[in-house]
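Below: the structure, in structure tokens.
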Amino acid sequence: MAKRKKEVEKKNDSLSENVHIKGAGTINDEVITDTLTENFMPYAMSVILSRAIPEIDGFKPSHRKLLYTMYNMGLLQGGTIKSANIVGRTMQLNPHGDAAIYETMIRLSRGNETLLYPYVESKGNFGKAYSKNMMYAASRYTEAKLAPICHELFDDIKSDTVDFVDNYDSTMKEPTLLPVTFPSILCNVTTGIAVGMASSIASFNLKEICDTTVALMKNPDHIISDTLLAPDFVGGGYVLYDKDELEKIYSTGRGTVKVRAKYTYDKKYNCIDITQIPPTTTSEAIIDKVIELVKSNKIKEISDIRDETDLSGLKITIDLKRGIDPDKFMNKLYKSTPLQDNFSCNFNVLIKGRPMVLGVRQILLEWVDFRLECIRRRINFNLDKKRNQLHLLKGLSKILLDIDKAIKIVRETESESEVVPNLMIGFGIDETQAEYVAEIKLRHLNREYILKRIKDIEQLEGDIAELESVLASKAKMKKIIVGELDSVAKKYDTGRKSEILYDFTENEEVEVVEVADYPVTLFLTEHGYLKKIKTANLRLSGEQKIKEGDRMLPEIECSNTAELLFFTNQNQVYKSKADDFQDTKASVLGDYVPGKLEMSDDEQIVYMAVLSKYSGYMIFAFENGKLAKVDMSAYATKTNRKKLINAYSSKAPLAQAMYIPEDTDLVLCSSSGRRLLVNTGSILPKSTKDTQGVSVMKLKKTHRLESIHIYKQGEFEKEWRFRAKNLPAAGAVLSENDIAEQITF
């Protein structure tokens, strides 16, 4: 055994010596742009073109594959079958797993209530889009079939109206688009997130869309809003009519639609029943938000809230306390909960393989072009069929001249293979016609049958002439589309589900006091005294008065409307406005900020940030060499809060704070005399105010980071010495020329 083991080990060693993978264990430098082009871009294009963005027929590939599979299974007629069966068959076209396919079917179903015009009739528990807790049953328990509206998707598909391509393993064909007879792209909500782009298409009423398309075909300058009133959502609710915003959506494809929940008040039980909510939220999210407001004492008008959703539909009940006005209370809830929400529109559609953000007018015109091509291909398909049939019948008509001769030719021909050539010679017909004649049954070799068939020639010639005239006239093809749109609107229109509110009470807004906008100059001292002087009066001012032992910090020019943020040594920030301080002059000490903002006795200002809006970053440099970059949006508050705790990290002593409107080069100065040049763009911003930051400057135990300042061009003789490739870095010591430059600055 020991000998055998030794032989195996020796054999393995020899194999390992011979096996060599080229490039294994080596590290190669690659250009990042090349890596992105070769590896990331193909993936990004695949997601954009094959997954997330809908095409002009209104479907993503996953939707199209599922519906086409159901069509091939004969589910446009007859009863429902198990969803698991459909999912399994769909995997022949869509190999992304049964769970993803079933979830696609769920969203297309009537039972889930995601789509305004569902494509799948469902039987069983398909969950509800308005509730995250009402989950759907497994596919083995539910059943489905195609909805009647799918006739408008597939009735033309066998007439060569669209292209077909191989599926993923080239075993069957699938359509690249569906020949829809109405603009389905705008009739159902479609959302998707790709790589670097997204799509969010609102749903519109079917009749309004069809009427708008017809009007646009008749008059390219038709005003869209005359026939397309507003979006329509499956969950109903109220759409708040904003003409300017709707016009923006119709023209650009981008904008927001405000949707408000619908409710009724039950006077007997003193409760509000919410039965319709915006499409962007769920019943659980609404209830959780109301409970949160109650716990924070922001809402005191209710005694209970519960979900009473049942088989009849959505229902959220809110019990009110006595004496509460339900309408005023609902206006309050609209303002502070998802009971009123915005549906963001981003009409990003794939047009001939290119993602394009289009307005309603452009989308409808693109759909008309697509449908015209479908009509043209259908007419050509029918023309070819009728021409072939006419060609055969014309050959048959020649047989009529002498049926006995045809019979004699067949009888006297010894070889079966010679029958067709002999018929061709005998009657002067081509091979196709001769094949057709040779296949006629014996019972049909009578004058009556042949005469009946020849009469069809006149009908076929008339049909062909009519089809050719339609094919040659774009107006006639458009007339066909108009007829189809009118038919679709009559058959499938169910009326609007979302009611349009033209006159409504907007949410109560906090009264905003207008602030005079004029240039001012702010003077802050180390001891916390602030003076605001009109910039126009500054030339007439004398020397700035300050207390003995105090020192004036650099002055700041800004607007009277500017926001002021005072960071203190207790890791807090006090918010104020320049307008809160009176205009003064150089001969006064100014306002004592700690007293005005009610700071603690031992609290001192370490930095004052002046900004026009909450953009840019706060930079906090700590003595341990760390740098924190906080997005200014972290300090923005919806309410008028004057004090925010944990304004910056307390884990290490603060060396200096600084506000920067945008990323810039900073010089870090240590107690050892070293300088480090860092661009703030290399540091990721944080939304957490008290983040500890990242290590930027390497320091010895006895040294610390003392200060930071914005780099001035030419400050260093050799800039590259102070700019490190990787962080943290120790920086560099100033040269004699650099010291001279520092003195001049």
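FYI, side chains are in, hydrogens and waters are out, and symmetry mates aren't considered; it's all heavy atoms of this structure.
By the 4.5 Å heavy-atom criterion applied to side chains, Lys577 and Thr561 are not counted as neighbours. Two residues are said to be in side-chain contact when any heavy atoms from C-beta on lie closer than 4.5 Å; Phe722 and Leu734 meet this criterion.
Take Asp550 and apply the salt bridge (Lys or Arg N to Asp or Glu O under 4.0 Å) test, not counting sequence neighbours, and it matches no residue.
Remark: of the listed residues Lys332, Lys321, Lys328, Lys332 is the sole one forming a salt bridge (charged side-chain N to carboxylate O under 4.0 Å, His left out) with Glu301.
Using a 4.0 Å cut-off between charged nitrogen and carboxylate oxygen, Arg260 and Asp341 do not count as a salt-bridge pair. Under 4.0 Å is where a charged nitrogen must lie from a carboxylate oxygen, and between Lys243 and Glu247 no such pair does.
Of the N and O atoms on the side chains of Asp690 and Ser649, not one donor lies less than 3.5 Å from an acceptor on the other residue. Lys335 and Gln340 are not linked by any side-chain donor-acceptor pair at a separation below 3.5 angstrom, with hydrogens and angles left out of the test. Defined by atom type and a distance below 3.5 Å, a donor-acceptor pair is missing between the side-chain atoms of Thr191 and Ser200.
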Side-chain donor/acceptor pairs under 3.5 Å, residues 593-620, sequence neighbours excluded:
{"unit_1": "Lys596", "atom_1": "NZ", "unit_2": "Asp580", "atom_2": "O", "d": "3.3"}
{"unit_1": "Asp602", "atom_1": "OD1", "unit_2": "Gln570", "atom_2": "NE2", "d": "2.9"}
{"unit_1": "Glu603", "atom_1": "OE1", "unit_2": "Tyr574", "atom_2": "OH", "d": "2.9"}
{"unit_1": "Glu603", "atom_1": "OE1", "unit_2": "Ser600", "atom_2": "N", "d": "3.0"}
{"unit_1": "Glu603", "atom_1": "OE2", "unit_2": "Thr568", "atom_2": "OG1", "d": "2.7"}
{"unit_1": "Glu603", "atom_1": "OE2", "unit_2": "Gln572", "atom_2": "NE2", "d": "2.7"}
{"unit_1": "Glu603", "atom_1": "OE2", "unit_2": "Tyr574", "atom_2": "OH", "d": "3.4"}
{"unit_1": "Tyr607", "atom_1": "OH", "unit_2": "Tyr659", "atom_2": "N", "d": "2.9"}
{"unit_1": "Tyr614", "atom_1": "OH", "unit_2": "Glu563", "atom_2": "OE1", "d": "3.4"}
{"unit_1": "Tyr614", "atom_1": "OH", "unit_2": "Lys575", "atom_2": "NZ", "d": "3.3"}

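Lys262 forms a cation-pi arrangement with Tyr238, by the criterion of a distance under 6.0 Å to the ring centre and an angle within 45° of the ring axis.
Using bins of under 30°, 30° to 60° and over 60° for the plane-to-plane angle, the ring pair Phe204/Tyr250 lands in the tilted bin.
Less than 6.0 angstrom separates the ring centroid of Phe567 from the ring centroid of Tyr635. The aromatic ring centres of Phe233 and Phe343 sit less than 6.0 Å apart.
For residues 620-629, the side-chain hydrogen bond (donor to acceptor under 3.5 Å, both in side chains) pairs, not counting sequence neighbours, are Lys629-Asp663.
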